[in-house]
Structure formats: C-alpha cells, structure tokens
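Here the structure is a predicted model, which means the values were calculated and not measured.
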Amino acid sequence: MEVAMVSTRASLLILILSLCSPYKFIQSPMDFGPLNLLPTTTTASSDFGRIVFHSPAAVLRPQSSGDISMLLSFLSGSSLSKVTVAARGAGHSIHGQAQALDGIVVEMRALPAEMEFHRGGEEGQVSYADVSGGVMWIELLEQSLKLGLAPRSWTDYLYLTVGGTLSNAGISGQTFKHGPQISNVLQLEVVTGRGEIVKCSPSKDADLFNAVLGGLGQFGIITRARILLQEAPQKVTWVRAFYDDFSIFTRDQELLVSIPDLDYVEGFIVLNEQSLHSSSIAFPASVDFNPDFGTKNSPKIYYCIEFAVHDYQHKNTNVHHVVEVISRQMSHMVSQLYSVEVSYFDFLNRVRMEEMSLRSVGLWEVHHPWLNMFVPKAGVADFRDLLMDNISPDSFEGLILIYPLLRDKWDTNTSVVIPDSGSTDRVMYVVGILRSANPEDGCSHHCLQELLRRHRRIADAAGARLGAKQYLGHHPTPAGWHQHFGRRWEQFAERKARFDPLRILGPGQGIFPRTPDAAAYAGS
C-alpha cells in the first residue's frame, strides 16, 4: 500500500512538472495509480454558453472522494505547483466558470451515482436522500418518486448535478415557498482546497458548510449531499394567465407568493411570436392567445404568470376549487387564463421538452449569452424599462423570466449574495435573460460580443442604480467581484484563505487569480 502511494505521489510530481512547463506533453492517459487522469477533452473546454473555450491540460475522472482528495492534497502541498482545478458537473455554465485553463478539470459525473434514501417517521423525523455530488437532479427525482418522495426545491432544468447547483443556489418557482436548493440541504461531504475530506452541516464545521453553499466552487468540491425530501404529489394543476400591464402582472405575482396553498409561481415576458411559441411547447393545453405585438418602432409587450398547485389525490383537497378561488383574485386579461392537469414528473421535467424541440432544429448547441439578476422589489419596474431600452423585442430570441422570491427564505450565512434590503420589503425578483444567438442565423463573433456588451451595460446600470446583484454571475475583473460581494467580501476572502489558501479551486470564476504569492495574499 505504501509503495503504491509513493508511486502515485511521484507520478503526480511528474504531472505537476509537465503542467508547469511551457511545453505540454500529456497526449494520452497517464497512469497515476488509483487516479484516472486523461488528456483534455472537448467537453472539458466548453460549456452551455459556448462563449469561453479554455482547454485544461488534464482531466480527472474520479471514482471516489479520495481521488479528488489525493489530487488536491498533493497540489496544495507542492511549492512547485501553479496548477488550478475546476469541478465540472453537467457543463451548464455560461462564461467558462467550470473551466481551468492549462489546469485540471474534475468531471464529477464520473463519480459513482450513489443514492441512499431515508424515510422520516411520525416523531418529527425528516425524510432525506444522501446522494453523490455528480448525480443529476433528474436522476434523484426518478429514484425518489419510486418511494413516493421528492426534493422540495428545484431548478427549472433538471439535467444539472447536485453539486453544481448547490455551488450556486438552485432556484425555480418553488423558491418562494421552500427557499433555494441550498436552503434544503442537511449535510455535505466536501473536499477542501487543502485536500481534506470534511463532513459538515449547520451544527458541525458550519463555516465550511455555509461557505460552500453558493460558494461558486471557491472553497471545496461537493462530493456528497444530504437533500431534504417531502411527500411527492401524484399530479399538478398548472395554470397560465396573460397580462398587458406590467404593474398588474407584478402585483398579481406578489399576491400569489403570499398564498400558502400555492406550490409554484413563475412568470415571463412575451416579446414576440417566437417567445410565445417557445414558452408554450411544454404546456399541454390549447392556448387561444393571439396578441397584437405592434410594430418595430412601437412594440406591444405582454406578460405571463404561471402557477401550480400540487394534487396529492389521497388528501381531501379539491384542487380545482383552490385554483378557482385563487384565479378570482387575479386581474389578468379577460378570458386569458388556462389550466391543465399533468403528472408531477412531467411538470418538473417540462424544460426537457423545450430542449428536445430546440435540438431537433439545431438550436440547442448555440451561443447562450445569458444574464440573471436579483432585483429589489422597489426597482423591478425600472429594471424592466432598462431591459427594454437595451433589447429589440421584435428580434429577441429566447425567454425572459421574471418572478418574485421571498428574502426570508434565504440563509444569509451562505455565500450567496442577494440585494441589500433598504426597506422592509420581503419580496425581491429574479430576472433571467435567457437569450440564444445562432451563428447560422447571422450572429457571428461581432454580434455575440455586442450582445455581451449590452448585457454588461444592463448589469452595471442595474447594480449602480437599483442595487441589483448578478446570479450565476460573471465579472471580468476581481474588482468587479469585490464590488459584487460588497460588505461581505472580507468574509468571503477570509474563507478562501482558510479553505483554499493557494487558490487552486474555481479559476474560471476569475475571483481570485492565481499568482506566485497567492498564499501570502490570501492570508493577508
């Protein structure tokens, strides 16, 4: 055993020397004992955004947390090492956040897809699932439903890894009720930047637990998570209502998130025929909405609220009556409310249908210059105006989500940054500008860069004037990140110095550039 470890460490030293050399010579899989290190792959140097393409020098496909620990322990203990490491889940980043230029990418999907379930009893015990960090949420949903259970909080798209979304926050239409996914975690197993394997929770190593949740991969790699579960409904009644007035649209959304009987609330802007069609692909009901979108110089904008109520069937709840009572309180356009009953699985997996439709016409693997913002309630109307000043409604391709979240469902001890509350407003909004840019339709490099510049203008103006904060953020300089964290920067930097002092982890975020004196700077 000791001989094998010495051999592995010697091989890792050779790896480090090769990565630090200006002449990279890893051309084929290298034998590092138990470590499965491979040369770079196409997937390791790309992501969903298709904007940044940074090739690593090597890829690790770990078979256990120990593999990741061995790699990080050696890198953090080597004075020769300038190598960085990024954990890659499903590759759904936009700006290369899970890439590591000339470093090592850890493909988390290679971890065994382990899932263990615990059903709570009647004495206040909760139900939960212990899952590998490389497991996708769709896989957890499929297995938990077999037991009549499911996680409480979701993302819209389920083909993402557990470790990936917990490193950001994880939000969807259930967030107003249960908080983001990071508010529904009981325990984590984390490999820190020092290579230490730590089990942490709110009561044990709480600072690491809080740092890693929403920590953008800066402090450790999540290799296992204990996810809170609840009883799963059999069906869902899914409702959509259309609006032509933004203030009424937001007022009704804020009404809906105050109603305990609701289980899901989202909304989106309807800019043109394309956005109306694409948003309707997964909604299996006939929608007789044929609005006048005006002209290019005088566009007419519409809005849609969607909400859902769980139907447990065995409970004595008349879901249709609940929906009717709620609908009577809303002020949507006349005759523009539609409802449909679907299975719980189909409802949660609704974006998959949109993905398959886009794949069928070659529009999935295109550029995605997305921008997501958390916006204070007081500034949401101004943000809408700012957005309209920077896009062309008639030619916009994609979807713009906008829906309310409740601030008190977010744990401010985690690393996630939400807008400061300058008032007693309990509500804030998330706005997702989920844009597509297809090179084959004329959006070449120049076009893409112009879209990115527009989104930067929106983000900068919203931050300066409205106090908005980016979610899944991208800031081109460390100074931008410093401003993003604001008064929380000192704590974030202190945690980095403690858990990843050599700044090995998460280079793609651009928060802590790797320099020869990184350790000294991080500790200052």
S.K.: I would like to know whether Arg88 and Glu107 meet salt bridge (charged side-chain N to carboxylate O under 4.0 Å, His left out); could you show each step before the answer?
M.R.: CA-CA 5 Å; Arg88 185 184 192 276; Glu107 292 190 347; 5.5 Å; no

S.K.: Using the benzene-type ring in the case of Trp, are the ring centres of Phe345 and Trp154 under 6.0 Å apart?
M.R.: no

S.K.: So with a 6.0 Å cut-off around CZ of Arg328, is the heavy-atom count from everything else above 12?
M.R.: yes

S.K.: Give a yes or no on whether a salt bridge exists between Arg251 and Glu254, defined as a side-chain N under 4.0 angstrom from a carboxylate O.
M.R.: no

S.K.: Decide yes or no on salt bridge (charged side-chain N to carboxylate O under 4.0 Å, His left out) for Asp408 and Arg426, but give the supporting numbers first.
M.R.: CA-CA 7 Å; Asp408 55 14; Arg426 187 187 178 202; 2.7 Å; yes

S.K.: Taking the six-membered ring for Trp and the single ring otherwise, decide whether the centroids of Tyr302 and Phe289 are under 6.0 Å apart.
M.R.: yes

S.K.: Judged by modelled atom types alone, do Ser392 and Asp394 share a side-chain donor-acceptor pair under 3.5 Å?
M.R.: no

S.K.: Inspect the surroundings of NZ in Lys177 and state if more than 12 heavy atoms from other residues, nucleotides or ligands are less than 6.0 Å away.
M.R.: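 Count over threshold, so yes.
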
S.K.: For atom CZ of Arg453, decide whether the heavy atoms of other residues, nucleotides or ligands shown that lie under 6.0 angstrom number more than 12.
M.R.: yes

S.K.: Test: salt bridge (charged side-chain N to carboxylate O under 4.0 Å, His left out). Region: residues 145-161. Which pairs qualify, not counting sequence neighbours?
M.R.: Asp156-Arg350

S.K.: Suppose we screen for ring pair (Phe, Tyr, Trp, His ring centres under 6.0 Å). Which residues come up paired with Phe176, at least two apart in sequence or across chains?
M.R.: none

S.K.: Which pairs with one or both residues in residues 438-493 pass disulfide bond (SG atoms under 2.5 Å apart), sequence neighbours excluded?
M.R.: Cys443-Cys447

S.K.: Parallel under 30°, tilted from 30 to 60°, perpendicular over 60°: which one fits the rings of Trp364 and Tyr157?
M.R.: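 If you compare the ring of Trp364 with that of Tyr157, the planes turn out tilted.
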
S.K.: Please verify the inter-ring angle class for His310 with Tyr312; under 30° counts as parallel, over 60° as perpendicular, anything in between as tilted.
M.R.: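 Geometry flag for Tyr312 against His310: perpendicular rings.
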
S.K.: Counting only heavy atoms from other residues, nucleotides and ligands, does the tally under 6.0 Å from CD of Glu341 exceed 12?
M.R.: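 Correct, the count exceeds 12.
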
S.K.: Tell me whether the count of non-hydrogen atoms from other residues, nucleotides or ligands lying under 6.0 Å of CD in Gln329 goes above 12.
M.R.: yes

S.K.: Does a donor on one side chain sit under 3.5 Å from an acceptor on the other, for Thr414 and Asp411?
M.R.: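 Their side chains do not contain a donor-acceptor pair, so the 3.5 Å distance test is not met.
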
